[in-house]
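The structure displayed is predicted, hence computed values, not measured ones. Here is how names work: the chains are called A, B, and so on, in the same order as the sequence lines, proteins then strands, and each is numbered from 1.
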Amino acid sequence: MRQTPPSGDNHVRTTDAFFGRVWSLAATVPRGKVTTYGAIARALGSPGAARTVGWAMRATPAESSVPCHRVVKMTGELSPEETFGGPGVQRSLLESEGVTFDAQGCVDMKHHLWIPA
DNA sequence: GCCGTGACGATTC
DNA sequence: CGAATCGCCACGG
């Protein structure tokens with residue numbers, strides 16, 4: 001919905017449906033892959049709005065079909081488990097999708113990092 | 001229209 | 001390499 005024409009025009013108002021745009025883009029992340037806040041913000045036309053993207057994720061209602069668990073930091077670090085409702089919750093979801101983690105407990109970005117066109 | 005806030009990012013110490 | 005700081009942008013009050 002409201003999917004802006006892919007004709008390479010992301011100049012839409014960053015305000016208004018920024019949240020919705022983030023959710024829509026996050027929903028395009030293929031299963032078994034993860035993306036970063038900065039990547040989404042960049043795809044939206046605001047490379048510096050990584051924080052705002054994370055904010056939208058936090059505001060994402062659980063009933064939403066948005067796989068916010070597939071969105072991680074650029075470093076591969078996951079979001080605060082407590083924010084997800086419990087420790088290891090996000091990690092379990094990602095593992096369930098086939099995502100692997102390194103000894104640091106971070107997502108293997110070099111193999112699962114996916115950036116929206 | 002200004003201030004504060006925040007699931008980030010990159011740089012500096 | 002780890003911690004701390006500044007900068008970024010959007011939203012709420």
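For the pair Met57(A) and Val22(A), the minimum side-chain heavy-atom distance is below 4.5 Å. For the pair Val107(A)/Phe101(A), a side-chain contact is recorded, criterion being any heavy-atom separation below 4.5 Å from C-beta on.
Counting all heavy atoms, side chain and backbone alike, Arg42(A) lies closest to Pro47(A) at NH1-CB, 3.5 Å. The minimum heavy-atom distance linking Ala49(A) with Ala41(A) is given by the pair C-CB, 3.6 Å. Closest heavy-atom contact between Thr35(A) and Ile115(A): OG1-CA, 4.4 Å. Across Lys33(A) and His111(A), no two heavy atoms sit closer than the pair NZ-O, 3.3 Å. Residue Val71(A) comes nearest to Ser79(A) through the heavy atom pair O-OG, 4.1 Å, listed as atom of the first residue, atom of the second, then distance.
With rounding to whole Å, Phe19(A) atom CZ is found 10 Å from dG12(C) atom C1'. Rounded to whole Å, the distance from CZ on Arg58(A) to C1' on dC11(C) is 13 Å. Taking atom CZ of residue Phe18(A) and atom C1' of nucleotide dA7(B), one finds them 14 Å apart after rounding to whole Å. A straight line from CG of Leu78(A) to P of dC8(B) spans 12 Å, rounded to a whole angstrom. The interatomic distance linking Leu44(A) (CG) with dC11(C) (P) rounds to 11 Å, in whole Å. Rounded to whole Å, atom P of dG9(B) lies 7 Å from atom NZ of Lys73(A). One atom, CE of Met74(A), and another, C1' of dA7(B), lie 16 Å apart when rounded to the nearest Å. Arg51(A) places its CZ atom 11 Å from the C1' atom of dC6(C), with the value rounded to the nearest Å.
Hydrophobic cluster membership differs between Trp114(A) and Val53(A), with clusters built from Ile, Leu, Val, Met, Phe, Trp and Tyr side chains linked at under 4.5 angstrom. Leu78(A) and Val99(A) fall within a single hydrophobic cluster, where Ile, Leu, Val, Met, Phe, Trp and Tyr are joined by side-chain heavy atoms under 4.5 Å apart, directly or via other members. Neither Leu25(A) nor Val34(A) shares a network with the other; the hydrophobic side chains, linked directly or stepwise wherever heavy atoms of I, L, V, M, F, W or Y lie under 4.5 Å apart, form separate groups for each. Cluster membership check: Val29(A) does not share its hydrophobic cluster with Val72(A), using side-chain heavy-atom separations under 4.5 Å among Ile, Leu, Val, Met, Phe, Trp and Tyr.
The residue Met57(A) sits close to a base: some heavy atom pair falls under 4.0 Å.
Taking 4.0 angstrom as the limit, Ser46(A) places a side-chain polar atom (N or O) nearer than this to OP1 or OP2 of dA10(C).
The only option from His112(A), Arg31(A), Gln90(A) that meets the side chain to side chain contact (heavy atoms under 4.5 Å, CB included) definition with Arg70(A) turns out to be Arg31(A).
Near DNA chain B, defined here as any heavy-atom distance below 4.0 Å, the residues from residues 64-72 of chain A are Cys68(A), listed numerically. Of the residues in residues 101-111 of chain A, none lies under 4.0 Å from DNA chain B by heavy-atom distance. Within a heavy-atom distance below 4.0 Å of DNA chain C, no residue of residues 83-90 of chain A is found.
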Pull out every protein N or O sitting under 3.5 Å from an N or O of nucleotides 3-5 of chain B, one pair per line with the distance.
none

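Sorted by first then second residue, the ring-ring contact (aromatic ring centres under 6.0 Å, His included) pairs that include residues 22-45 of chain A, not counting sequence neighbours, are Phe19(A)-Trp23(A).
Remark: Glu95(A) engages Arg91(A) in a salt bridge (charged side-chain N to carboxylate O under 4.0 Å, His left out) (not counting sequence neighbours).
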